[in-house]
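Reading through the structure tokens given below for one structure.
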Amino acid sequence: MIIETRDFGRIEVEDSSVFDFPEGVYGFEHQRSLVLYVHTFDDIPFLYLQSINDTLPCFLVFEPKDMFPSFSPDIESGDLIALGASAAEDLTFLLIANVSDTVEGMSLNVKCPIALNSSTKKGRQVILQNPDYSLRYQPFAAGEGESI
Amino acid sequence: MLVISRKAGESLVIGSDIVISVLNVGSDKVTIGLDAPKDVPIVRSELVDIIEANIEAAQVKAEPEALARLLRAQKK
């Protein structure tokens with residue numbers, strides 16, 4: 001299908017990459033269909049999660065393995081049920097990036113990732129129980145990034 | 001902060017049309033009932049931060065060019 005994106009105008013996306021978010025995401029509760037698409041720049045694939053019905057929300061997202069390798073989500077059973085999954089291993093987690101400051105100051109929401117179930121095509125923003133996970137983890141801030 | 005003690009079944013009123021009722025008191029949890037006009041948003045306080053973070057993240061465009069440069073520098 002063709003959608004209007006926030007950053008790249010009209011683009012074609014795979015229907016199979018559209019996820020149903022029955023409760024939207026926080027702050028955008030009415031946007032229930034979000035598509036995950038890749039925009040490759042300079043050989044680096046950037047992942048975006050974008051509403052198919054509006055230009056917002058649009059999130060730049062990263063896989064935890066690239067930015068927060070020790071990621072080990074402690075997810076509530078209610079979230080698993082909502083996603084139609086039996087364990088966290090059935091899900092793909094994505095961390096929402098916030099680059100409102102500078103790219104070096106980019107923060108990632110490790111506390112509330114997007115969880116996707118590619119079998120049921122359901123998505124949900126979950127609040128992890130991990131006590132140390134931050135809403136604004138800065139992977140590139142001096143002294144804060146995990147060593148990879 | 002105003003501190004008021006209430007028992008299960010008791011309530012308090014804010015302004016003329018917001019009523020907060022204590023429905024049940026458990027060992028580590030209270031169940032609260034809220035009656036307020038529809039236009040008064042009620043959100044768990046921990047969610048306020050999450051909503052703010054999302055709205056901020058959703059509205060600012062990341063320049064792929066600058067990001068790519070940064071990611072390349074990190075990998076070196």
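Below, read A as the first sequence line, B as the second, and so on, with proteins coming before strands; counting in each chain starts at 1.
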Sort B:Gln59 into side chain, backbone, both or neither according to what part of it lies under 4.5 angstrom from a heavy atom of chain A. both

If the plane angle is over 60° it's perpendicular, under 30° parallel, otherwise tilted; pick one for A:Tyr37 and A:Tyr48. parallel

With only heavy atoms counted, which part of A:Gln125 is less than 4.5 Å from chain B, the side chain, the backbone, both or neither? side chain

A:Phe21, A:Phe93, A:Phe19 screened by side chain to side chain contact (heavy atoms under 4.5 Å, CB included) with A:Ile114, the one that passes: A:Phe21

Choice from B:Ala53, B:Ala66, B:Ala68 maximising heavy atom contacts with chain A below 4.5 Å: B:Ala68

Calculate, to the nearest 0.5 Å, the distance between atoms CG and CD belonging to B:Leu67 and A:Glu104 respectively. 9.0 Å

Okay, A:Leu49 and chain B: the region with an atom under 4.5 Å from a heavy atom over there is neither

Aromatic ring centroids of A:Phe68 and A:Tyr133 under 6.0 Å? yes

Taking it one step at a time, do B:Glu56 and A:Arg136 satisfy salt bridge (Lys or Arg N to Asp or Glu O under 4.0 Å)? CA-CA 11 Å; B:Glu56 215 176 284; A:Arg136 293 166 196 275; 3.4 Å; yes

Pick from B:Ile55, B:Asn54, B:Ile51, B:Leu47: which one has the most heavy-atom pairs with chain A under 4.5 Å? B:Asn54

